Enquirer: 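Structure provided below as structure tokens; questions to follow.
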Amino acid sequence: MSFSVNLALLPAKLRRVLIVGAGVAGLQTAVALLKLGLEVLVLEAEDDVGGVWVRNYSGFGLQIPWRMYQFPEFLWPQELLPTDEYPSGAQVRAYIRAYAAHFDLLRHVRLHCKLLRLRWSPVSSSWEALYCDTAAKKCFKTFADYTVICSGLFSNAYVPDYKGTQAFAGLQLHAKDFTDLAMARGKRVLVVGSGKTAMDCLNSLCAGRTAASITMLFRQGHWPLPRSVLGLPIHRMMFNRAAVGMLPPYYTAGRLERAAGVAARPLKRLFWKGLECVIARTFRITSDVRPTVPLPADLFFGGQILDDTLDELTGCEVLKTIKGEVNRFVRNGVILQDGSFLGVDLILYCTGYSKSYDYLEPGMRQRLELQKDGLYLYRSVLPHAVPHLAFVGSEVSTYNNILTSGLQALWLAGVLAGRVALPPPHAMAADVRMQRHWRRKVMPPQRSRGSVLMQYMMQYHDQLLHDMRCDPRRKGFNPLAECFGAYTAADYSSLLAEGTGAGAAGGGQAAAGGRRGDG
Ligand SMILES: NC(=O)C1=CN([C@@H]2O[C@H](COP(=O)(O)OP(=O)(O)OC[C@H]3O[C@@H](n4cnc5c(N)ncnc54)[C@H](OP(=O)(O)O)[C@@H]3O)[C@@H](O)[C@H]2O)C=CC1
Ligand SMILES: O=C(O)C(=O)Cc1c[nH]c2ccccc12
């Protein structure tokens with residue numbers, strides 16, 4: 001198979017775009033491309049729009065205040081404003097539905113339609129997609145000039161492969177299917193993992209008081225973050241420019257910035273050690289569960305903001321924690337690596353998610369240069385060796401995913417409209433190599449390190465805006481706010497306002513009318 005890779009990775013004809021996934025990334029991509037006058041078809045495997053917010057483990061919700069989780073182009077409408085600062089999953093879902101309704105997107109979305117295969121046809125010079133409507137139990141073929149993968153970080157549940165699972169008489173569930181606490185009634189529950197999902201599930205299991213016993217099994221602890229540190233809300237500490245000064249410089253940093261970074265090392269160490277102390281005290285973290293990875297590096301695992309009180313967990317008599325791993329299953333439980341037996345009726349996998357690119361043919365997958373630690377893309381959007389294909393929201397993870405995917409969608413629209421110029425493929429490849437080298441130096445190893453940005457969110461957003469020739473400083477001429485103010489979606493609203501769009505030399509403040517930012 002041979003492509004004529006044109007400089008901008010653009011199709012010669014561009015009329016019809018296939019978008020895979022109708023979560024926050026797919027929907028924002030649809031809006032951005034519809035504005036260009038393109039025809040879009042959105043395939044969504046679930047029976048509703050909203051991705052990870054359609055359904056999840058019992059009691060799931062947003063871990064940051066709603067003000068921090070907004071579409072820049074459609075801030076939470078008054079009638080949907082949650083009374084609690086931290087909305088429930090159902091409230092976020094309703095907000096996303098309202099976004100889709102506001103932009104009249106549903107007529108472009110095919111629900112319960114799962115993409116099976118995506119093949120580039122050199123003959124028709126277009127993508128040929130095979131998808132199945134699981135409700136109608138029918139498969140269809142469709143064509144598109146361009147494809148944007150928006151299936152996110154959480155579409156494939158990851159469950160470790162253990163020996164003897166078929167002999168196990170109990171129930172095994174991935175957390176995403178643990179939608180009802182009643183599933184745990186009277187059972188000896190084993191929770192595997194120690195991420196945000198595990199902590200939330202443990203919390204609701206303890207609060208529910210229906211399980212006979214609850215055991216948390218984990219291989220390493222992770223640093224939780226309290227909702228506020230010494231009176232300062234944690235999101236204010238994380239969503240500003242000053243915060244990243246406490247980390248190793250971004251991959252684009254020049255010599256001066258690098259030197260300053262080295263000089264500031266003692267100060268940074270002091271900052272993080274101090275924060276570790278406060279957190280250890282807040283959550284009464286004992287030495288047996290204390291994370292071995294230092295806090296700044298541990299945050300690249302995703303971070304978790306917990307309710308400071310932990311009342312449910314500390315008062316939970318049936319809860320036990322074990323540091324260890326499953327070795328194999330037996331009929332009535334599991335044998336751990338240390339040889340001990342644990343009686344289990346329900347095993348709840350809070351083991352996260354993995355990626356799959358199986359819908360692509362092997363030859364195409366090869367061109368993506370998939371690594372053991374994930375996919376590395378130009379600006380976390382474009383595979384530099386595969387034309388006519390982009391990823392929005394699927395290969396990037398920050399502390400503000402709704403905003404990040406919104407800015408990516410805008411950037412991609414700019415690229416497709418020819419307003420955002422791309423460097424030649426060899427320069428893109430060089431940028432990706434630099435990025436990969438840097439990530440492997442500053443971030444702990446994990447399955448999808450190629451998509452991790454987390455605390456480097458501001459640097460990344462600045463890059464996208466710079467490419468779009470927009471001012472990345474969005475706080476007006478206010479140096480204090482610029483440095484320490486929390487950056488939210490509202491700061492970018494004006495970029496998306498009708499009539500501007502990517503490439504318009506915008507900047508300055510967000511649209512005045514109805515602005516509800518970091519209040
Ligand atoms: N917006 C929100 O409110 C919410 C956000 N989230 C976010 O979603 C993301 C995913 O969270 P989560 O679902 O907790 O998944 P994570 O990937 O964060 O955590 C997975 C957990 O499972 C463990 N694990 C993975 N593989 C194995 C294995 N083979 N054997 C044993 N243990 C294993 C990991 O251990 P180890 O650490 O040793 O690798 C880790 O403790 C995070 O970024 C989180 O912050 C989650 C819930 C709500
Ligand atoms: O995009 C989301 O769903 C978020 O809530 C962002 C997010 C993921 N992990 C976090 C850890 C701390 C703060 C925000 C997040």
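For ligands, and for the atoms within them, numbers begin at 1 and follow the listed sequence. Numbering of residues begins at 1 and proceeds along the displayed sequence. In this text, all values refer to a predicted model and were calculated from it rather than measured experimentally.
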Enquirer: Only one of Arg474, Arg241, Lys475, Arg67 passes salt bridge (Lys or Arg N to Asp or Glu O under 4.0 Å) with Asp491; say which it is.
Expert: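 Passing option: Lys475.
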Enquirer: Decide whether Asp298 and His222 meet the rule of one side-chain donor and one side-chain acceptor closer than 3.5 Å.
Expert: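 Yes, His222 and Asp298 have a side-chain donor paired with an acceptor closer than 3.5 Å.
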Enquirer: Applying the ring pair (Phe, Tyr, Trp, His ring centres under 6.0 Å) criterion to Tyr95, which one of Trp53, Phe71, Tyr69, Trp66 satisfies it?
Expert: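 It is Phe71; the other options fail the test.
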Enquirer: Have a look at ligand 1 and work out which part of Cys350, if any, has a heavy atom under 4.0 Å from it: side chain, backbone, both or neither.
Expert: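 Looking at Cys350 and ligand 1, just backbone atoms fall under 4.0 Å.
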Enquirer: Please indicate whether any nitrogen or oxygen in Ser194 is less than 3.5 Å from any nitrogen or oxygen in ligand 1.
Expert: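 Yes: some nitrogen or oxygen of Ser194 is under 3.5 Å from one in ligand 1.
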Enquirer: Looking only at heavy atoms of His222, does any of them come nearer than 4.0 Å to an atom of ligand 1?
Expert: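 Yes, that is the case, since the closest heavy atom of the residue is under 4.0 Å from the ligand.
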Enquirer: Using a heavy-atom cut-off of under 4.0 Å, does the side chain or the backbone of Arg219 touch ligand 1, or both, or neither?
Expert: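 Just the side chain.
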Enquirer: Hey, is Tyr162 one of the residues with a heavy atom under 4.0 angstrom from ligand 1?
Expert: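 The answer is yes: ligand 1 sits under 4.0 Å from a heavy atom of Tyr162.
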Enquirer: Pick out which of Pro294, Pro296, Cys277 makes a side chain to side chain contact (heavy atoms under 4.5 Å, CB included) with Trp272.
Expert: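 Single side chain to side chain contact (heavy atoms under 4.5 Å, CB included) partner of Trp272 among Pro294, Pro296, Cys277: Pro296.
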Enquirer: Are Tyr250 and Gln455 linked by a side-chain donor-acceptor pair shorter than 3.5 Å?
Expert: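 There is no such pair between these side chains.
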Enquirer: So, is the end of the Arg110 side chain (NZ or CZ) under 6.0 Å from the ring centre of Tyr131 and within 45° of the ring's axis?
Expert: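 Not satisfied by the 6.0 Å and 45° rule.
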Enquirer: Sequence neighbours left out, what passes side-chain hydrogen bond (donor to acceptor under 3.5 Å, both in side chains) with Glu46? Give chain and number order.
Expert: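 With neighbours one apart ignored, the set is Arg55.
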Enquirer: So which of Phe154, Tyr86, Tyr158 gets nearest to atom 8 (O) of ligand 1, if we judge by its closest heavy atom?
Expert: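 Answer by nearest heavy atom: Phe154.
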Enquirer: May I ask you to list the atoms of ligand 1 that are less than 4.0 angstrom from any heavy atom of Thr197?
Expert: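 Listed by number with element: 11 (O), 12 (P), 13 (O), 14 (O), 46 (C), 47 (C).
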Enquirer: Mind jotting down which residue pairs meet the salt bridge (charged side-chain N to carboxylate O under 4.0 Å, His left out) criterion with at least one end in residues 193-214? Sequence neighbours excluded, please.
Expert: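 Qualifying pairs, neighbours excluded: Lys196-Asp200, Arg209-Glu312.
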Enquirer: Quick one: does Tyr69 get a heavy atom under 4.0 Å from ligand 1?
Expert: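 Contact absent.
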Enquirer: Which is it for Gln304 and ligand 1 at heavy atoms under 4.0 Å: side chain, backbone, both or neither?
Expert: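 Gln304 to ligand 1: no contact under 4.0 Å from either part.
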Enquirer: Heavy-atom distance to atom 48 (C) of ligand 1: which of Phe60, Tyr57, Trp53 wins?
Expert: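 Residue with the shortest heavy-atom distance to the ligand atom: Tyr57.
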Enquirer: Tell me whether the count of non-hydrogen atoms from other residues, nucleotides or ligands lying under 6.0 Å of CD in Glu317 goes above 12.
Expert: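 At most 12 heavy atoms, drawn from other residues, nucleotides or ligands, come within 6.0 Å of this atom.
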Enquirer: Any idea which of Gly324, Gly352, Ala157 brings a heavy atom closest to atom 15 (O) of ligand 1?
Expert: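 Considering heavy atoms of Gly324, Gly352, Ala157, the nearest to atom 15 (O) of ligand 1 sits in Gly352.
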Enquirer: Atom 25 (C) of ligand 1: which of Asp200, Thr351, Leu153, Asn401 has the nearest heavy atom?
Expert: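 It is Thr351 that holds the nearest heavy atom.
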Enquirer: Could you tell me which atoms of ligand 1, counted from 1 in the order shown, lie closer than 4.0 angstrom to a heavy atom of Gly61?
Expert: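 Those qualifying, in numeric order: 2 (C), 3 (O).
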Enquirer: Need the ligand 1 atom indices (1-based, order shown) with element for anything under 4.0 Å from a heavy-atom of Gly303.
Expert: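 By the 4.0 Å cutoff, the relevant atoms are 45 (O).
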